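Letters go in sequence order (proteins before strands), and every chain restarts at 1. Small disclaimer: the values here were computed from a predicted structure and weren't measured. Excluded from the calculations below are hydrogen atoms, water molecules and symmetry mates; all remaining heavy atoms, backbone and side chain alike, are included.
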Number of protein chains: 2
Amino acid sequence: MGRPRSHQATQVAAAQGRIRAAGERLTAPRAAVLAVLLASDTALTHHEVAQSLRTGTPVDRVTVYRVLDWLVGLALAHRIPGEDRTWRFRANRDSAHGPHAHFTCSSCGRTVCLEDVAVPPRVRLPRGFRPQKVELTVQGLCAACH
Amino acid sequence: MGRPRSHQATQVAAAQGRIRAAGERLTAPRAAVLAVLLASDTALTHHEVAQSLRTGTPVDRVTVYRVLDWLVGLALAHRIPGEDRTWRFRANRDSAHGPHAHFTCSSCGRTVCLEDVAVPPRVRLPRGFRPQKVELTVQGLCAACH
DNA sequence: GTCTTTGCGCAACCGAATTGCATCTGCCGC
DNA sequence: GCGGCAGATGCAATTCGGTTGCGCAAAGAC
Ligand SMILES: [Mn+2]
Ligand SMILES: [Mn+2]
Ligand SMILES: [Zn+2]
Ligand SMILES: [Zn+2]
């Protein structure tokens, strides 16, 4: 299901380029993890990432966690909180991508970015409250599970 | 900090009334948990609820979980997903309360309902996607942590 | 008061994520 | 190319929020 395994392999070079461009230390786990994210059209859990790496470049689960965090810190990926209390990760494609909504299928768990749905720019808060981040999440059934 | 302990005690009668009105079996843990929620002006984690019950009516943690779920099922409370992967719970005050946004302080963790901020009623989804629930969460600093 | 149904407490369990620490390795300076 | 060192990895153990199974207790119907 999904695209051929080769797609992920072709993303390794792209991943290496991005890591180098960020002026960061290039390692096999980092390139491999980022390549997995780049090859996916849905946001992935750490578990799904580790699974994808089983064949080819096995990476310790802890390292997967650390690399994902590191990617988020560098803004090479973003982290999406899930109703099931697991983070999901997606590579940031274009550098000019703003905060957007997310959709999670309550049946299959697939999470996709709704890139064209911006989060409400202004929310009325109580006096003295200062906003930092706004999260807009839609739960429902995806086209496949419909 | 917060209001006097007595406030929680005064809510026990109110809690009993609500449970009876729902036609459900009345037990000490149920009334105690709901009373804690009613006495709080912020949404509480299961841990905070259990903590509140330590003195007075100690309730097993599993029972707290089950009662909270049960309250949500009866629509006597609602559950708020948190960035820190813990649910928070708040009693439903007025019967006519719709879906609303929530605010979580990234410093002290306090979560409040933004009752007057409605979630976006319509979100543009990909073809074949069917929405079920929309969650709007703001993270930032509350007045106390500002 | 008895009976049945349902909730409670306890202990064990689970999965996601984190931490501590020893070892390894990019990559900078030479 | 060749150290050397800061920083990344792997492994084991741990934390933490939440769940499950089951025997016992008690609510409330009669
Ligand atoms: Mn996204
Ligand atoms: Mn609320
Ligand atoms: Zn689906
Ligand atoms: Zn605060």
Side-chain angles (χ1 to χ4, degrees), chain A residues 12 15-36 43-54 56-74 76-77 79-89 104 109 111, chain B residues 12 15-36 43-54 56-74 76-77 79-89 104 109 111:
Chain A
V12 172
Q16 292 174 334
R18 285 176 188 237
I19 294 169
R20 282 248 149 81
E24 291 288 320
R25 204 145 155 175
L26 178 61
T27 68
R30 287 179 171 182
V33 167
L34 182 51
V36 168
L44 301 177
T45 63
H46 101 92
H47 184 74
E48 292 168 322
V49 172
Q51 196 71 9
S52 256
L53 295 172
R54 283 279 295 287
T57 321
V59 177
D60 188 78
R61 340 175 0 263
V62 176
T63 301
V64 174
Y65 278 117
R66 294 199 266 231
V67 169
L68 289 171
D69 284 352
W70 171 84
L71 287 169
V72 171
L74 285 169
L76 289 176
R79 185 202 320 263
I80 305 152
E83 199 81 1
D84 55 356
R85 305 196 327 286
T86 67
W87 301 113
R88 283 164 213 268
F89 297 84
T104 298
T111 297
Chain B
V12 171
Q16 292 174 334
R18 286 178 187 233
I19 293 169
R20 281 251 150 80
E24 292 289 320
R25 203 189 263 212
L26 176 61
T27 68
R30 288 179 172 182
V33 167
L34 182 50
V36 169
L44 301 178
T45 64
H46 101 93
H47 185 72
E48 293 168 321
V49 172
Q51 196 71 9
S52 256
L53 295 172
R54 281 280 292 288
T57 320
V59 177
D60 187 79
R61 17 181 253 108
V62 177
T63 302
V64 173
Y65 279 118
R66 293 198 267 230
V67 169
L68 288 171
D69 285 351
W70 171 83
L71 287 170
V72 171
L74 285 171
L76 288 178
R79 184 202 320 263
I80 306 152
E83 199 84 0
D84 56 355
R85 304 193 331 284
T86 68
W87 303 114
R88 283 163 213 268
F89 297 84
T104 300
T111 297

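When the nearest nucleotides of DNA chain D are assigned to Val62(A) and Glu24(A) by heavy-atom distance, the more 5′-ward of the two goes with Glu24(A).
Between Val72(B) and Phe89(B) the shortest side-chain heavy-atom distance falls below 4.5 Å.
Distances shorter than 4.0 Å separate none of the side-chain N or O atoms of Thr45(A) from OP1 or OP2 on dA16(C). Taking only side-chain nitrogens and oxygens, Arg66(A) never comes nearer than 4.0 Å to OP1 or OP2 of dC11(D). Taking only side-chain nitrogens and oxygens, Thr63(B) comes nearer than 4.0 Å to OP1 or OP2 of dG9(C). Contact annotation: Thr27(B) side-chain N/O to dC8(C) OP1/OP2 distance is under 4.0 Å.
Going from atom CD1 of Ile19(B) over to atom P of dG7(C) covers 12 Å, rounded to whole Å. The distance between atom CG of Leu53(A) and atom P of dG10(D), rounded to the nearest whole Å, is 10 Å. Separating the OH atom of Tyr65(B) from the C1' atom of dC10(C) is a distance of 15 Å, rounded to the nearest angstrom. Taking atom CG on Asp60(B) and atom P on dG18(D), their separation rounds to 15 Å, with Å as the unit. Rounded to a whole Å, the CG atom of Leu26(B) is 9 Å from the C1' atom of dA27(D). Rounded to whole Å, atom P of dC14(C) lies 19 Å from atom CZ of Arg85(B). Rounded to an integer number of Å, the gap from CG of Asp84(A) to P of dT19(D) is 12 Å. The distance between atom CZ of Phe89(B) and atom C1' of dG18(D), rounded to the nearest whole Å, is 10 Å.
Closest approach of Ala35(B) and Ala15(B) over heavy atoms only: N-CB, 3.7 Å. Across all their heavy atoms, Ala43(B) and Arg88(B) have their closest contact at CB-CB, 3.8 Å.
The base of dG7(C) does not come close enough to the side chain of Arg25(B) for any donor and acceptor atom to sit less than 3.5 Å apart.
There is no side-chain donor-acceptor pair under 3.5 Å between Thr86(B) and Thr45(B).
Contact annotation for Trp87(A): backbone-only contact, meaning every heavy-atom pair under 4.0 Å involves sugar-phosphate atoms and none involves a base. Contacts of Arg61(A) with the nucleic acid, taken as non-hydrogen atoms under 4.0 Å apart, include base atoms. Residue contacts for His46(A): at a heavy-atom cut-off of 4.0 Å it reaches the sugar-phosphate backbone alone, with no base atom in range.
The closest donor-acceptor contact from the side chain of Arg30(A) to the backbone of Arg25(A) lies under 3.5 Å.
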